[in-house]
**Student:** 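Pasting in a structure now, in C-alpha coordinates, and then I'll have a few things to ask.
Naming convention: chains lettered A, B, ... in sequence-line order (proteins, then strands); numbering from 1 in each chain.
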Protein chains: 4
Amino acid sequence: MILNVDLTSDTPIYQQLRDRIVEAIAEGVLTEGSLLPATRALAADFGINFHTVNKAYDLLRQQGLIRLNRGTGAVVTLTVADPPFRADWTARARTLLAEAAAKGLPPEEVLATCRSMLDSFGANQPKDTP
Amino acid sequence: MILNVDLTSDTPIYQQLRDRIVEAIAEGVLTEGSLLPATRALAADFGINFHTVNKAYDLLRQQGLIRLNRGTGAVVTLTVADPPFRADWTARARTLLAEAAAKGLPPEEVLATCRSMLDSFGANQPKDTP
Amino acid sequence: MILNVDLTSDTPIYQQLRDRIVEAIAEGVLTEGSLLPATRALAADFGINFHTVNKAYDLLRQQGLIRLNRGTGAVVTLTVADPPFRADWTARARTLLAEAAAKGLPPEEVLATCRSMLDSFGANQPKDTP
Amino acid sequence: MILNVDLTSDTPIYQQLRDRIVEAIAEGVLTEGSLLPATRALAADFGINFHTVNKAYDLLRQQGLIRLNRGTGAVVTLTVADPPFRADWTARARTLLAEAAAKGLPPEEVLATCRSMLDSFGANQPKDTP
DNA sequence: GTGGTCTAGACCACA
DNA sequence: GTGGTCTAGACCACC
(Lines give C-alpha, C1' and ligand atoms only; values in the text may rest on other atoms or scores of the structure.)
Protein backbone atom coordinates (compact mmCIF):
# COMPACT_ATOMS: atom_id res chain seq x y z
CA MET A 1 0.00 0.00 0.00
CA ILE A 2 1.39 3.37 -1.07
CA LEU A 3 0.08 6.44 0.69
CA ASN A 4 0.91 9.77 -0.85
CA VAL A 5 1.09 12.56 1.70
CA ASP A 6 2.53 16.03 1.18
CA LEU A 7 4.29 17.29 4.28
CA THR A 8 4.37 20.83 2.91
CA SER A 9 0.66 21.04 2.14
CA ASP A 10 -1.53 23.33 4.22
CA THR A 11 -4.00 20.53 4.88
CA PRO A 12 -3.03 18.72 8.08
CA ILE A 13 -0.95 15.61 7.65
CA TYR A 14 -3.33 13.51 9.73
CA GLN A 15 -6.18 14.62 7.45
CA GLN A 16 -4.25 13.62 4.34
CA LEU A 17 -3.44 10.27 5.92
CA ARG A 18 -7.10 9.69 6.67
CA ASP A 19 -8.07 10.63 3.11
CA ARG A 20 -5.50 8.30 1.57
CA ILE A 21 -6.63 5.40 3.74
CA VAL A 22 -10.28 6.06 2.93
CA GLU A 23 -9.33 5.96 -0.75
CA ALA A 24 -7.39 2.73 -0.24
CA ILE A 25 -10.50 1.20 1.30
CA ALA A 26 -12.66 2.45 -1.58
CA GLU A 27 -10.19 1.01 -4.10
CA GLY A 28 -10.29 -2.35 -2.44
CA VAL A 29 -6.60 -2.20 -1.56
CA LEU A 30 -7.77 -2.43 2.03
CA THR A 31 -10.75 -4.64 2.73
CA GLU A 32 -12.74 -5.74 5.74
CA GLY A 33 -10.28 -7.26 8.18
CA SER A 34 -7.16 -5.81 6.60
CA LEU A 35 -4.46 -4.99 9.10
CA LEU A 36 -3.18 -1.42 8.95
CA PRO A 37 0.48 -0.63 9.54
CA ALA A 38 1.41 -0.05 13.15
CA THR A 39 1.17 3.62 14.06
CA ARG A 40 4.86 3.91 14.88
CA ALA A 41 5.90 1.97 11.78
CA LEU A 42 3.81 4.16 9.50
CA ALA A 43 5.14 7.26 11.22
CA ALA A 44 8.69 6.07 10.62
CA ASP A 45 7.91 5.48 6.92
CA PHE A 46 6.86 9.08 6.45
CA GLY A 47 9.36 10.55 8.83
CA ILE A 48 6.61 11.98 10.98
CA ASN A 49 5.64 11.59 14.60
CA PHE A 50 3.54 8.60 15.63
CA HIS A 51 1.06 10.93 17.33
CA THR A 52 0.12 12.31 13.94
CA VAL A 53 -0.62 8.82 12.66
CA ASN A 54 -2.51 8.17 15.89
CA LYS A 55 -4.76 11.12 15.19
CA ALA A 56 -5.48 9.92 11.66
CA TYR A 57 -6.33 6.44 12.95
CA ASP A 58 -8.54 7.92 15.63
CA LEU A 59 -10.44 9.88 13.00
CA LEU A 60 -11.02 6.71 11.01
CA ARG A 61 -12.19 4.98 14.18
CA GLN A 62 -14.69 7.76 14.89
CA GLN A 63 -16.04 7.37 11.38
CA GLY A 64 -16.52 3.65 11.79
CA LEU A 65 -13.95 2.58 9.23
CA ILE A 66 -11.38 0.87 11.42
CA ARG A 67 -11.07 -0.66 14.88
CA LEU A 68 -8.13 -0.03 17.15
CA ASN A 69 -7.08 -2.89 19.37
CA ARG A 70 -4.23 -2.73 21.82
CA GLY A 71 -1.75 -5.38 21.04
CA THR A 72 -3.32 -6.59 17.82
CA GLY A 73 -3.18 -3.38 15.81
CA ALA A 74 -5.69 -1.50 13.66
CA VAL A 75 -8.03 -3.45 11.40
CA VAL A 76 -10.52 -2.30 8.79
CA THR A 77 -14.08 -2.87 10.01
CA LEU A 78 -16.70 -1.39 7.75
CA THR A 79 -20.00 -0.24 9.16
CA VAL A 80 -23.15 0.65 7.26
CA ALA A 81 -23.77 4.26 6.29
CA ASP A 82 -26.35 5.65 8.70
CA PRO A 83 -28.82 8.38 7.68
CA PRO A 84 -26.88 11.21 9.39
CA PHE A 85 -23.80 10.26 7.41
CA ARG A 86 -25.76 10.19 4.16
CA ALA A 87 -27.23 13.62 4.87
CA ASP A 88 -23.85 15.05 5.69
CA TRP A 89 -22.24 13.44 2.70
CA THR A 90 -24.91 14.71 0.34
CA ALA A 91 -24.52 18.24 1.62
CA ARG A 92 -20.78 18.11 1.07
CA ALA A 93 -21.23 16.63 -2.38
CA ARG A 94 -23.67 19.38 -3.24
CA THR A 95 -21.15 22.05 -2.33
CA LEU A 96 -18.37 20.35 -4.24
CA LEU A 97 -20.48 19.94 -7.37
CA ALA A 98 -21.67 23.52 -7.05
CA GLU A 99 -18.05 24.62 -7.04
CA ALA A 100 -17.45 22.81 -10.31
CA ALA A 101 -20.60 24.25 -11.85
CA ALA A 102 -19.76 27.77 -10.66
CA LYS A 103 -16.37 27.51 -12.31
CA GLY A 104 -18.00 26.56 -15.59
CA LEU A 105 -17.08 22.88 -15.74
CA PRO A 106 -19.57 21.16 -18.08
CA PRO A 107 -21.96 18.88 -16.15
CA GLU A 108 -21.30 16.00 -18.52
CA GLU A 109 -17.59 16.25 -17.91
CA VAL A 110 -18.06 16.39 -14.13
CA LEU A 111 -20.37 13.41 -14.24
CA ALA A 112 -17.98 11.47 -16.44
CA THR A 113 -15.15 12.16 -14.00
CA CYS A 114 -17.26 10.92 -11.11
CA ARG A 115 -18.30 7.82 -13.01
CA SER A 116 -14.75 6.88 -13.95
CA MET A 117 -13.62 7.31 -10.35
CA LEU A 118 -16.45 5.16 -9.04
CA ASP A 119 -15.66 2.57 -11.69
CA SER A 120 -12.02 2.51 -10.67
CA PHE A 121 -13.11 1.93 -7.10
CA GLY A 122 -15.35 -0.95 -8.08
CA ALA A 123 -12.72 -2.59 -10.28
CA ASN A 124 -10.61 -3.96 -7.44
CA GLN A 125 -13.48 -4.77 -5.13
CA PRO A 126 -13.60 -8.39 -3.92
CA LYS A 127 -16.22 -10.24 -5.88
CA ASP A 128 -18.76 -12.57 -4.32
CA THR A 129 -18.38 -14.87 -7.30
CA PRO A 130 -14.69 -15.20 -8.16
CA MET B 1 -31.41 35.41 -2.23
CA ILE B 2 -31.77 33.31 0.90
CA LEU B 3 -28.60 31.97 2.49
CA ASN B 4 -29.10 29.16 4.94
CA VAL B 5 -26.39 29.17 7.59
CA ASP B 6 -26.44 27.21 10.83
CA LEU B 7 -24.83 29.15 13.65
CA THR B 8 -24.66 26.02 15.81
CA SER B 9 -22.91 23.88 13.22
CA ASP B 10 -19.33 22.83 13.76
CA THR B 11 -18.31 24.06 10.31
CA PRO B 12 -17.09 27.67 10.43
CA ILE B 13 -19.70 30.26 9.54
CA TYR B 14 -17.50 31.90 6.91
CA GLN B 15 -17.17 28.49 5.27
CA GLN B 16 -20.91 27.99 5.25
CA LEU B 17 -21.42 31.44 3.78
CA ARG B 18 -18.93 30.72 1.03
CA ASP B 19 -20.59 27.37 0.31
CA ARG B 20 -24.07 28.87 0.09
CA ILE B 21 -22.88 31.61 -2.27
CA VAL B 22 -21.06 29.08 -4.46
CA GLU B 23 -24.26 27.07 -4.61
CA ALA B 24 -26.26 30.18 -5.46
CA ILE B 25 -23.90 30.83 -8.36
CA ALA B 26 -24.17 27.21 -9.52
CA GLU B 27 -27.95 27.41 -9.35
CA GLY B 28 -28.01 30.54 -11.46
CA VAL B 29 -29.52 32.62 -8.65
CA LEU B 30 -26.37 34.71 -8.87
CA THR B 31 -24.93 35.32 -12.32
CA GLU B 32 -22.06 37.25 -13.85
CA GLY B 33 -22.33 40.82 -12.65
CA SER B 34 -24.72 40.12 -9.79
CA LEU B 35 -24.13 42.39 -6.82
CA LEU B 36 -23.66 40.63 -3.49
CA PRO B 37 -25.10 42.11 -0.29
CA ALA B 38 -22.85 44.56 1.54
CA THR B 39 -20.75 42.79 4.16
CA ARG B 40 -22.16 44.82 7.06
CA ALA B 41 -25.74 44.31 5.89
CA LEU B 42 -25.27 40.58 5.54
CA ALA B 43 -23.55 40.41 8.92
CA ALA B 44 -26.45 42.26 10.51
CA ASP B 45 -28.92 39.83 8.94
CA PHE B 46 -27.26 36.88 10.63
CA GLY B 47 -26.19 38.67 13.77
CA ILE B 48 -22.57 37.84 13.15
CA ASN B 49 -19.38 39.85 12.95
CA PHE B 50 -18.83 41.54 9.60
CA HIS B 51 -15.28 40.25 9.60
CA THR B 52 -16.76 36.79 9.18
CA VAL B 53 -18.60 37.91 6.05
CA ASN B 54 -15.44 39.60 4.85
CA LYS B 55 -13.59 36.36 5.21
CA ALA B 56 -16.16 34.47 3.17
CA TYR B 57 -16.00 37.12 0.45
CA ASP B 58 -12.23 37.00 0.45
CA LEU B 59 -12.32 33.24 -0.03
CA LEU B 60 -14.60 33.69 -3.02
CA ARG B 61 -12.27 36.33 -4.42
CA GLN B 62 -9.28 34.03 -4.11
CA GLN B 63 -11.20 31.41 -6.01
CA GLY B 64 -11.99 33.79 -8.83
CA LEU B 65 -15.73 33.85 -8.29
CA ILE B 66 -16.23 37.46 -7.26
CA ARG B 67 -14.46 40.79 -7.41
CA LEU B 68 -14.26 43.15 -4.49
CA ASN B 69 -14.38 46.81 -5.45
CA ARG B 70 -13.94 49.44 -2.83
CA GLY B 71 -17.16 51.40 -2.65
CA THR B 72 -19.15 49.51 -5.26
CA GLY B 73 -19.30 46.25 -3.32
CA ALA B 74 -18.76 42.66 -4.37
CA VAL B 75 -19.84 41.51 -7.81
CA VAL B 76 -19.86 38.04 -9.31
CA THR B 77 -17.16 37.75 -11.98
CA LEU B 78 -16.72 34.24 -13.20
CA THR B 79 -13.35 33.04 -14.44
CA VAL B 80 -12.62 29.86 -16.31
CA ALA B 81 -11.42 26.80 -14.44
CA ASP B 82 -7.66 26.66 -14.84
CA PRO B 83 -5.73 23.36 -14.73
CA PRO B 84 -4.59 23.81 -11.10
CA PHE B 85 -8.18 24.24 -10.02
CA ARG B 86 -9.27 21.19 -11.98
CA ALA B 87 -6.53 19.08 -10.41
CA ASP B 88 -7.41 20.26 -6.94
CA TRP B 89 -11.11 19.78 -7.50
CA THR B 90 -10.60 16.30 -8.90
CA ALA B 91 -8.52 15.30 -5.90
CA ARG B 92 -11.19 16.52 -3.50
CA ALA B 93 -13.91 14.79 -5.49
CA ARG B 94 -11.90 11.60 -5.42
CA THR B 95 -11.70 11.70 -1.64
CA LEU B 96 -15.40 12.48 -1.28
CA LEU B 97 -16.43 9.67 -3.62
CA ALA B 98 -14.03 7.32 -1.87
CA GLU B 99 -15.71 8.13 1.40
CA ALA B 100 -19.07 7.14 -0.04
CA ALA B 101 -17.65 3.95 -1.54
CA ALA B 102 -15.87 3.04 1.72
CA LYS B 103 -19.13 3.42 3.62
CA GLY B 104 -20.82 1.06 1.19
CA LEU B 105 -23.04 3.49 -0.73
CA PRO B 106 -23.89 1.88 -4.10
CA PRO B 107 -22.06 3.60 -7.00
CA GLU B 108 -25.27 3.89 -9.01
CA GLU B 109 -26.96 5.68 -6.14
CA VAL B 110 -24.02 8.03 -5.69
CA LEU B 111 -23.93 8.77 -9.39
CA ALA B 112 -27.68 9.35 -9.50
CA THR B 113 -27.38 11.79 -6.62
CA CYS B 114 -24.64 13.68 -8.42
CA ARG B 115 -26.60 13.76 -11.66
CA SER B 116 -29.75 15.10 -10.04
CA MET B 117 -27.75 17.81 -8.29
CA LEU B 118 -26.04 18.85 -11.51
CA ASP B 119 -29.39 18.86 -13.27
CA SER B 120 -30.87 21.10 -10.62
CA PHE B 121 -27.97 23.49 -11.12
CA GLY B 122 -28.43 23.55 -14.87
CA ALA B 123 -32.16 24.25 -14.72
CA ASN B 124 -31.87 27.95 -13.85
CA GLN B 125 -28.72 28.66 -15.82
CA PRO B 126 -28.81 31.64 -18.16
CA LYS B 127 -28.72 30.54 -21.76
CA ASP B 128 -25.93 31.52 -24.14
CA THR B 129 -28.53 32.09 -26.87
CA PRO B 130 -31.02 34.60 -25.48
CA MET C 1 -28.64 -18.20 28.42
CA ILE C 2 -28.13 -16.06 25.35
CA LEU C 3 -25.39 -13.47 25.45
CA ASN C 4 -25.59 -10.82 22.81
CA VAL C 5 -22.15 -9.49 21.92
CA ASP C 6 -21.30 -7.38 18.92
CA LEU C 7 -17.88 -8.24 17.54
CA THR C 8 -17.85 -5.08 15.43
CA SER C 9 -18.65 -2.71 18.27
CA ASP C 10 -15.99 -0.33 19.52
CA THR C 11 -16.48 -1.43 23.11
CA PRO C 12 -14.08 -4.26 24.02
CA ILE C 13 -15.56 -7.74 23.77
CA TYR C 14 -14.58 -8.69 27.31
CA GLN C 15 -16.43 -5.62 28.51
CA GLN C 16 -19.55 -6.60 26.58
CA LEU C 17 -19.35 -10.13 27.96
CA ARG C 18 -19.10 -8.80 31.50
CA ASP C 19 -22.03 -6.43 30.88
CA ARG C 20 -24.25 -9.16 29.48
CA ILE C 21 -23.51 -11.48 32.39
CA VAL C 22 -24.16 -8.71 34.90
CA GLU C 23 -27.48 -8.10 33.17
CA ALA C 24 -28.27 -11.81 33.23
CA ILE C 25 -27.68 -11.82 36.98
CA ALA C 26 -29.84 -8.73 37.43
CA GLU C 27 -32.62 -10.34 35.40
CA GLY C 28 -32.53 -13.46 37.51
CA VAL C 29 -31.48 -15.64 34.58
CA LEU C 30 -28.37 -16.38 36.60
CA THR C 31 -28.78 -16.76 40.34
CA GLU C 32 -26.61 -17.59 43.33
CA GLY C 33 -24.88 -20.87 42.56
CA SER C 34 -25.51 -20.82 38.82
CA LEU C 35 -22.68 -22.35 36.82
CA LEU C 36 -21.29 -20.18 34.03
CA PRO C 37 -20.22 -21.75 30.73
CA ALA C 38 -16.63 -22.96 30.57
CA THR C 39 -14.34 -20.26 29.20
CA ARG C 40 -13.20 -22.34 26.25
CA ALA C 41 -16.75 -23.36 25.36
CA LEU C 42 -17.98 -19.78 25.49
CA ALA C 43 -14.99 -18.61 23.47
CA ALA C 44 -15.73 -21.23 20.84
CA ASP C 45 -19.36 -20.11 20.64
CA PHE C 46 -18.35 -16.59 19.74
CA GLY C 47 -15.25 -17.47 17.79
CA ILE C 48 -13.06 -15.40 20.07
CA ASN C 49 -9.94 -16.07 22.07
CA PHE C 50 -10.57 -17.79 25.42
CA HIS C 51 -8.32 -15.23 27.06
CA THR C 52 -10.99 -12.68 26.29
CA VAL C 53 -13.58 -14.73 28.16
CA ASN C 54 -11.09 -15.21 30.96
CA LYS C 55 -10.71 -11.49 31.26
CA ALA C 56 -14.46 -10.95 31.47
CA TYR C 57 -14.71 -13.61 34.20
CA ASP C 58 -11.84 -12.06 36.08
CA LEU C 59 -13.57 -8.71 36.02
CA LEU C 60 -16.70 -10.31 37.47
CA ARG C 61 -14.61 -11.98 40.14
CA GLN C 62 -12.99 -8.70 41.14
CA GLN C 63 -16.46 -7.22 41.50
CA GLY C 64 -17.59 -10.02 43.75
CA LEU C 65 -20.19 -11.46 41.42
CA ILE C 66 -18.67 -14.86 40.67
CA ARG C 67 -16.10 -17.26 42.08
CA LEU C 68 -13.57 -19.04 39.95
CA ASN C 69 -12.77 -22.55 41.12
CA ARG C 70 -10.10 -24.51 39.39
CA GLY C 71 -11.75 -27.51 37.84
CA THR C 72 -15.34 -26.81 38.82
CA GLY C 73 -15.70 -23.69 36.73
CA ALA C 74 -17.17 -20.29 37.49
CA VAL C 75 -20.20 -20.01 39.76
CA VAL C 76 -22.30 -16.99 40.65
CA THR C 77 -21.66 -15.99 44.26
CA LEU C 78 -23.29 -12.74 45.16
CA THR C 79 -21.77 -10.51 47.80
CA VAL C 80 -23.38 -7.52 49.40
CA ALA C 81 -22.65 -4.05 48.09
CA ASP C 82 -20.01 -2.52 50.32
CA PRO C 83 -19.70 1.24 50.84
CA PRO C 84 -16.80 1.66 48.37
CA PHE C 85 -18.88 -0.01 45.67
CA ARG C 86 -21.87 2.18 46.46
CA ALA C 87 -19.75 5.32 46.29
CA ASP C 88 -18.22 4.28 42.99
CA TRP C 89 -21.56 3.26 41.54
CA THR C 90 -23.19 6.51 42.61
CA ALA C 91 -20.43 8.54 40.99
CA ARG C 92 -20.81 6.66 37.73
CA ALA C 93 -24.58 7.00 37.86
CA ARG C 94 -24.20 10.70 38.47
CA THR C 95 -22.08 11.10 35.34
CA LEU C 96 -24.46 9.02 33.25
CA LEU C 97 -27.51 10.96 34.41
CA ALA C 98 -25.66 14.22 33.88
CA GLU C 99 -24.99 13.18 30.32
CA ALA C 100 -28.70 12.68 29.74
CA ALA C 101 -29.55 15.98 31.39
CA ALA C 102 -26.87 17.84 29.43
CA LYS C 103 -28.29 16.48 26.17
CA GLY C 104 -31.71 17.75 27.15
CA LEU C 105 -33.50 14.48 27.91
CA PRO C 106 -36.47 15.26 30.19
CA PRO C 107 -35.89 14.06 33.78
CA GLU C 108 -39.28 12.35 33.90
CA GLU C 109 -38.45 10.38 30.78
CA VAL C 110 -35.06 9.37 32.15
CA LEU C 111 -36.59 8.33 35.43
CA ALA C 112 -39.35 6.36 33.69
CA THR C 113 -36.72 4.54 31.64
CA CYS C 114 -34.79 3.65 34.78
CA ARG C 115 -37.94 2.48 36.56
CA SER C 116 -39.03 0.23 33.71
CA MET C 117 -35.57 -1.32 33.54
CA LEU C 118 -35.48 -1.96 37.27
CA ASP C 119 -38.96 -3.44 37.09
CA SER C 120 -37.90 -5.79 34.31
CA PHE C 121 -35.01 -6.93 36.48
CA GLY C 122 -37.25 -7.58 39.47
CA ALA C 123 -39.78 -9.64 37.51
CA ASN C 124 -37.70 -12.82 37.37
CA GLN C 125 -35.99 -12.45 40.71
CA PRO C 126 -36.13 -15.44 43.06
CA LYS C 127 -38.28 -14.71 46.06
CA ASP C 128 -36.94 -14.77 49.61
CA THR C 129 -40.10 -16.58 50.72
CA PRO C 130 -40.30 -19.72 48.59
CA MET D 1 -16.62 26.42 38.63
CA ILE D 2 -14.79 23.75 40.63
CA LEU D 3 -13.74 20.61 38.78
CA ASN D 4 -12.62 17.69 40.87
CA VAL D 5 -10.13 15.46 39.09
CA ASP D 6 -7.99 12.74 40.63
CA LEU D 7 -4.58 12.58 39.01
CA THR D 8 -3.89 9.19 40.60
CA SER D 9 -7.07 7.53 39.38
CA ASP D 10 -6.86 4.83 36.74
CA THR D 11 -9.49 6.55 34.63
CA PRO D 12 -7.79 8.92 32.20
CA ILE D 13 -7.57 12.53 33.29
CA TYR D 14 -9.16 13.78 30.07
CA GLN D 15 -12.10 11.45 30.71
CA GLN D 16 -12.56 12.76 34.22
CA LEU D 17 -12.37 16.31 32.94
CA ARG D 18 -15.05 15.55 30.37
CA ASP D 19 -17.26 13.95 33.02
CA ARG D 20 -16.92 16.90 35.39
CA ILE D 21 -17.79 19.38 32.64
CA VAL D 22 -20.79 17.31 31.57
CA GLU D 23 -21.95 17.36 35.17
CA ALA D 24 -21.39 21.10 35.37
CA ILE D 25 -23.60 21.51 32.31
CA ALA D 26 -26.26 19.24 33.81
CA GLU D 27 -26.18 21.21 37.06
CA GLY D 28 -26.68 24.46 35.24
CA VAL D 29 -23.31 25.80 36.38
CA LEU D 30 -22.47 25.96 32.69
CA THR D 31 -25.26 26.95 30.34
CA GLU D 32 -25.69 27.54 26.64
CA GLY D 33 -23.13 30.14 25.64
CA SER D 34 -20.96 29.80 28.73
CA LEU D 35 -17.30 30.32 28.04
CA LEU D 36 -15.05 27.51 29.23
CA PRO D 37 -11.60 28.21 30.66
CA ALA D 38 -8.84 28.42 28.09
CA THR D 39 -7.18 25.03 27.60
CA ARG D 40 -3.80 26.25 28.79
CA ALA D 41 -5.28 28.09 31.75
CA LEU D 42 -7.26 25.04 32.89
CA ALA D 43 -4.17 22.88 32.43
CA ALA D 44 -2.17 25.24 34.61
CA ASP D 45 -4.88 25.11 37.31
CA PHE D 46 -4.58 21.34 37.57
CA GLY D 47 -0.87 21.18 36.95
CA ILE D 48 -1.39 19.04 33.87
CA ASN D 49 -0.46 19.43 30.24
CA PHE D 50 -2.67 21.49 27.98
CA HIS D 51 -2.87 18.60 25.51
CA THR D 52 -4.79 16.63 28.09
CA VAL D 53 -7.33 19.43 28.42
CA ASN D 54 -7.39 19.65 24.64
CA LYS D 55 -8.40 16.02 24.42
CA ALA D 56 -11.20 16.49 26.94
CA TYR D 57 -12.51 19.51 25.04
CA ASP D 58 -12.31 17.61 21.78
CA LEU D 59 -14.39 14.80 23.27
CA LEU D 60 -17.02 17.31 24.35
CA ARG D 61 -16.98 18.79 20.86
CA GLN D 62 -17.51 15.38 19.28
CA GLN D 63 -20.49 14.86 21.55
CA GLY D 64 -22.05 18.15 20.56
CA LEU D 65 -21.76 19.81 23.94
CA ILE D 66 -19.31 22.59 23.17
CA ARG D 67 -17.89 24.49 20.21
CA LEU D 68 -14.22 25.24 19.83
CA ASN D 69 -13.35 28.51 18.14
CA ARG D 70 -9.83 29.68 17.53
CA GLY D 71 -9.29 32.98 19.17
CA THR D 72 -12.60 33.16 20.98
CA GLY D 73 -12.30 30.02 23.11
CA ALA D 74 -14.63 27.14 23.89
CA VAL D 75 -18.31 27.82 24.44
CA VAL D 76 -21.15 25.53 25.52
CA THR D 77 -23.49 24.86 22.60
CA LEU D 78 -26.12 22.27 23.35
CA THR D 79 -27.54 20.13 20.60
CA VAL D 80 -30.60 17.91 20.72
CA ALA D 81 -30.24 14.25 21.64
CA ASP D 82 -30.49 12.26 18.42
CA PRO D 83 -31.88 8.69 18.32
CA PRO D 84 -28.45 7.01 18.14
CA PHE D 85 -27.42 8.84 21.32
CA ARG D 86 -30.60 7.79 23.09
CA ALA D 87 -30.11 4.17 22.11
CA ASP D 88 -26.51 4.22 23.27
CA TRP D 89 -27.39 5.98 26.49
CA THR D 90 -30.18 3.55 27.26
CA ALA D 91 -27.88 0.59 26.76
CA ARG D 92 -25.31 2.06 29.11
CA ALA D 93 -27.98 2.88 31.67
CA ARG D 94 -29.26 -0.67 31.47
CA THR D 95 -25.84 -2.06 32.26
CA LEU D 96 -25.31 0.35 35.12
CA LEU D 97 -28.68 -0.41 36.68
CA ALA D 98 -28.07 -4.13 36.21
CA GLU D 99 -24.85 -3.77 38.14
CA ALA D 100 -26.73 -2.22 41.04
CA ALA D 101 -29.40 -4.90 40.91
CA ALA D 102 -26.82 -7.68 40.72
CA LYS D 103 -25.13 -6.34 43.83
CA GLY D 104 -28.42 -6.42 45.67
CA LEU D 105 -29.17 -2.72 45.88
CA PRO D 106 -32.94 -2.34 46.41
CA PRO D 107 -34.68 -0.95 43.31
CA GLU D 108 -36.48 1.70 45.36
CA GLU D 109 -33.19 2.93 46.74
CA VAL D 110 -31.60 3.04 43.30
CA LEU D 111 -34.55 4.88 41.89
CA ALA D 112 -34.56 7.33 44.77
CA THR D 113 -30.87 8.03 44.19
CA CYS D 114 -31.50 8.69 40.52
CA ARG D 115 -34.44 10.93 41.28
CA SER D 116 -32.52 13.03 43.78
CA MET D 117 -29.65 13.46 41.32
CA LEU D 118 -31.97 14.51 38.53
CA ASP D 119 -33.70 16.91 40.91
CA SER D 120 -30.39 18.43 41.90
CA PHE D 121 -29.62 18.96 38.22
CA GLY D 122 -32.95 20.65 37.63
CA ALA D 123 -32.64 22.91 40.66
CA ASN D 124 -30.07 25.26 39.15
CA GLN D 125 -31.43 25.20 35.62
CA PRO D 126 -32.23 28.61 34.17
CA LYS D 127 -35.96 29.17 34.33
CA ASP D 128 -37.97 30.55 31.46
CA THR D 129 -40.07 32.50 33.95
CA PRO D 130 -37.75 34.11 36.50
C1' DG E 1 5.25 -6.03 20.00
C1' DT E 2 0.59 -3.19 19.89
C1' DG E 3 -2.15 1.07 20.90
C1' DG E 4 -3.17 4.62 24.85
C1' DT E 5 -1.93 8.29 27.81
C1' DC E 6 0.69 12.07 29.46
C1' DT E 7 4.28 15.44 29.36
C1' DA E 8 7.09 19.25 27.28
C1' DG E 9 7.77 22.60 24.10
C1' DA E 10 7.58 24.44 19.46
C1' DC E 11 5.13 27.02 15.71
C1' DC E 12 1.00 28.38 13.22
C1' DA E 13 -3.68 30.46 12.07
C1' DC E 14 -6.98 33.04 13.67
C1' DA E 15 -9.46 36.91 16.17
C1' DG F 1 -4.61 35.92 23.46
C1' DT F 2 -7.19 31.63 21.57
C1' DG F 3 -7.27 26.83 19.80
C1' DG F 4 -4.76 23.60 16.27
C1' DT F 5 -0.91 21.03 14.72
C1' DC F 6 3.38 18.70 15.03
C1' DT F 7 7.36 16.94 17.31
C1' DA F 8 9.92 14.28 20.93
C1' DG F 9 10.12 11.13 24.34
C1' DA F 10 8.30 8.90 28.43
C1' DC F 11 5.52 5.15 30.68
C1' DC F 12 1.60 2.09 30.83
C1' DA F 13 -1.83 -1.70 29.67
C1' DC F 14 -2.62 -5.19 26.96
C1' DC F 15 -1.72 -9.31 23.79
**Student:** So that I can tick it off, tell me whether C:R92 and C:D88 are bridged by a salt bridge, with the cut-off set at under 4.0 angstrom between side-chain N and carboxylate O.
**Tutor:** yes
**Student:** With heavy atoms under 4.0 Å as the rule, sort D:F50 into base, sugar-phosphate or nothing.
**Tutor:** base
**Student:** For D:T72 and A:T72, take the nucleotide of DNA chain F holding the closest heavy atom to each; which residue's nucleotide lies nearer the 5' end?
**Tutor:** D:T72
**Student:** Nearest 0.5 Å, what's the CG-OG1 distance between B:L65 and B:T77?
**Tutor:** 8.0 Å
**Student:** When you list every nucleotide of DNA chain E with an atom under 4.0 Å from a heavy atom of chain A, which one comes first 5' to 3', and which comes last?
**Tutor:** E:dG1 to E:dC6
**Student:** Could you tell me which non-hydrogen atom of B:W89 sits nearest to which non-hydrogen atom of A:L97, and how far apart they are?
**Tutor:** CZ2-CD2, 4.3 Å
**Student:** Are C:R94 and D:E27 ion-paired here, with the side-chain N under 4.0 Å from a carboxylate O?
**Tutor:** yes
**Student:** So that I can tick it off, tell me whether C:D58 and C:R61 are bridged by a salt bridge, with the cut-off set at under 4.0 angstrom between side-chain N and carboxylate O.
**Tutor:** yes
**Student:** Of D:R40 and B:Y14, whose nearest nucleotide on DNA chain E comes first from the 5' end?
**Tutor:** D:R40
**Student:** Based on Watson-Crick and G-U pairs with both distances under 3.5 Å, what dot-bracket line describes DNA chain F 5' to 3', crossing pairs as [ ] and inter-strand pairs as |?
**Tutor:** ||||||||||||||.
**Student:** Write down the atom of C:V5, the atom of C:R20, and the distance for their closest heavy-atom approach.
**Tutor:** CG1-CG, 4.5 Å
**Student:** Salt bridge or not between B:R18 and B:E23? Use side-chain N to carboxylate O under 4.0 Å.
**Tutor:** no
**Student:** Taking C-beta and beyond as the side chain, do A:I13 and A:F46 meet within less than 4.5 Å on heavy atoms?
**Tutor:** no
**Student:** So do the side chains of A:L17 and A:L60 get within less than 4.5 Å of each other, counting heavy atoms only?
**Tutor:** no
**Student:** Rounded to the nearest 0.5 Å, what's the gap from NZ on C:K103 to CZ on D:F85? Could you check?
**Tutor:** 6.0 Å
**Student:** Please work out which residues in residues 52-68 of chain C have a non-hydrogen atom less than 4.0 Å from an atom of DNA chain E and list them by number.
**Tutor:** none
